[in-house]
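Every chain is numbered from 1 and lettered A, B, ... according to where its sequence line falls, protein lines coming before strand lines. Hydrogens, waters and symmetry mates are skipped; everything else that's a heavy atom, side chains included, is used.
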There are 2 protein chains.
Amino acid sequence: MEPAKPQLNSLLAKLEEAGKRVTSQRIAVCEALLAHNGHPTAAEIWQHLQGQHPAMSQATVYNTLSALEELQLIRALDIVGENHTHYDLCVHPHVNVVCTRCGTIADVHTDTLEALLGLVSARSSYQLAPQDGVIVYGLCPACSAKL
Amino acid sequence: MEPAKPQLNSLLAKLEEAGKRVTSQRIAVCEALLAHNGHPTAAEIWQHLQGQHPAMSQATVYNTLSALEELQLIRALDIVGENHTHYDLCVHPHVNVVCTRCGTIADVHTDTLEALLGLVSARSSYQLAPQDGVIVYGLCPACSAKL
DNA sequence: CAGTTATTTATAATCATTCTAACATGATAT
DNA sequence: ATATCATGTTAGAATGATTATAAATAACTG
Ligand SMILES: [Mn+2]
Ligand SMILES: [Mn+2]
Ligand SMILES: [Zn+2]
Ligand SMILES: [Zn+2]
């Protein structure tokens with residue numbers, strides 16, 4: 001049900017298509033995004049790159065993530081209670097379920113979300129972005145058990 | 001369709017019930033929240049109170065909002081691209097539609113959201129908070145027209 | 001009232017993110 | 001190729017919302 005993970009080549013192709021240069025730093029950030037299977041933060045990407053690209057500046061990570069976000073190749077998730085922005089490689093609309101205790105994020109893919117977005121667009125007259133996802137909050141099974 | 005705005009007395013009663021003292025500062029913050037019909041930030045609340053309560057510290061506004069949030073009397077909204085947290089007095093699950101150009105927030109109340117949340121809870125096994133709402137992003141009619 | 005605790009205040013500290021300016025790199029045009 | 005120009009990278013400084021601290025104040029208890 002859930003869409004296939006994007007390929008490195010397609011990310012780089014779209015960067016180039018947008019007139020951005022495909023630098024070694026941008027390739028590395030894209031690779032790190034693909035390597036992380038969840039919803040990484042800028043700091044996590046930067047840390048992950050310290051081994052292979054020790055000269056990489058944090059600003060470059062931030063700049064690259066911003067560029068990818070503007071091209072709608074990734075999505076920024078601002079999560080209440082966390083001070084780092086998380087990024088989502090999956091730009092197909094889906095629900096991100098965040099545990100308010102431990103921060104674990106689960107993805108739920110369902111066409112009920114698309115139904116909701118259609119309804120919201122019609123009712124509000126807002127033009128929604130085609131890859132709008134949502135965040136909901138709760139307790140993950142492990143944290144629920146611990147209470 | 002949308003639930004009635006909460007009363008000042010009910011907010012204060014729940015604070016007291018939770019063992020919190022009902023101070024003049026907390027009353028003022030609650031009043032300011034009720035007076036603002038939208039989704040105010042801490043800074044907006046504090047500015048609004050400058051006239052009547054010029055000695056009110058920003059920390060008190062932050063502390064009061066945190067207390068109200070913990071008691072689930074208000075909800076924090078972290079919006080991508082804005083650096084201030086917004087607060088929502090309406091804790092009935094609904095969709096907050098944010099304009100990515102001008103920041104205007106519209107509310108959409110629909111039971112499709114509750115259907116979605118039920119489905120998400122079942123599929124993810126997370127225990128969702130009873131007043132979980134969501135945020136979606138788009139262009140408001142006015143901003144759409146300007147492009 | 002006196003004793004205890006919660007709250008408020010002013011201020012400083014935190015820290016994720018953005019800005020700056022110098023340098024490096026890649027593309028383009030002679 | 002070499003010069004020129006635009007774009008990207010870097011280290012470090014600046015920003016600014018939020019949080020922490022510690023002293024002063026206000027509310028509750030008996
Ligand atoms: Mn996701
Ligand atoms: Mn709302
Ligand atoms: Zn958890
Ligand atoms: Zn707008």
### Query
Is any side-chain N or O of R21(B) under 3.5 Å from a base N or O of dT5(C), one able to act as donor and the other as acceptor?
yes
### Task
Ignoring backbone atoms, test whether T23(B) places a side-chain nitrogen or oxygen under 4.0 Å from the OP1 or OP2 oxygen of dA6(C).
no
### Task
Please say whether more than 12 non-hydrogen atoms of neighbouring residues, nucleotides or ligands are located less than 6.0 Å from CD in Q7(B).
no
### Query
How would you label the contact of T60(A) with the nucleic acid (heavy atoms, under 4.0 Å): base, sugar-phosphate, or nothing?
base
### Query
Quick one: N63(B) CG to dA10(C) C1', roughly how many Å, whole number?
13 Å
### Task
Report which part of the nucleic acid T41(A) touches: base, sugar-phosphate, or nothing (heavy-atom distance under 4.0 Å, all strands).
nothing
### Task
Identify which nucleotide among dT10(D), dT9(D), dA20(D) has an atom closest to any side-chain atom of A59(B), counting heavy atoms from C-beta outward.
dA20(D)
### Task
Quickly work out the I45(A) CD1 to dA16(C) P distance and round it to whole Å.
16 Å
### Message
Applying a 4.0 Å non-hydrogen cut-off, can you work out what A55(B) is touching in the nucleic acid: base, sugar-phosphate, or nothing?
### Response
sugar-phosphate
### Query
Out of dT9(C), dT9(D), dT18(C), which has the shortest distance to the side chain of Y62(A)?
dT18(C)
### Summary
Assert: residue with more 5' nearest nucleotide on DNA chain D, out of G19(A) and H84(B), is G19(A)
### Message
Pairing donors with acceptors under 3.5 angstrom, does anything connect the side chains of N96(B) and H86(B)?
### Response
no
### Query
Is there a side-chain polar atom (N or O) of Q25(B) under 4.0 Å from OP1 or OP2 of dA26(D)?
no
### Contact nearer the 5' end of DNA chain C, comparing Q58(A) with T64(B)
T64(B)
### Length of the line joining L49(A):CG and dT10(D):P, which is rounded to integer Å
11 Å
### Query
Any donor-acceptor pair under 3.5 Å linking the side chain of W46(A) with the backbone of M56(A)?
yes
### Message
What is the separation between atom CG on N83(B) and atom P on dT18(D), rounded to the nearest whole Å?
### Response
8 Å
### Query
Do the side chain of Y87(A) and the main chain of L33(A) share a donor and acceptor less than 3.5 angstrom apart?
no
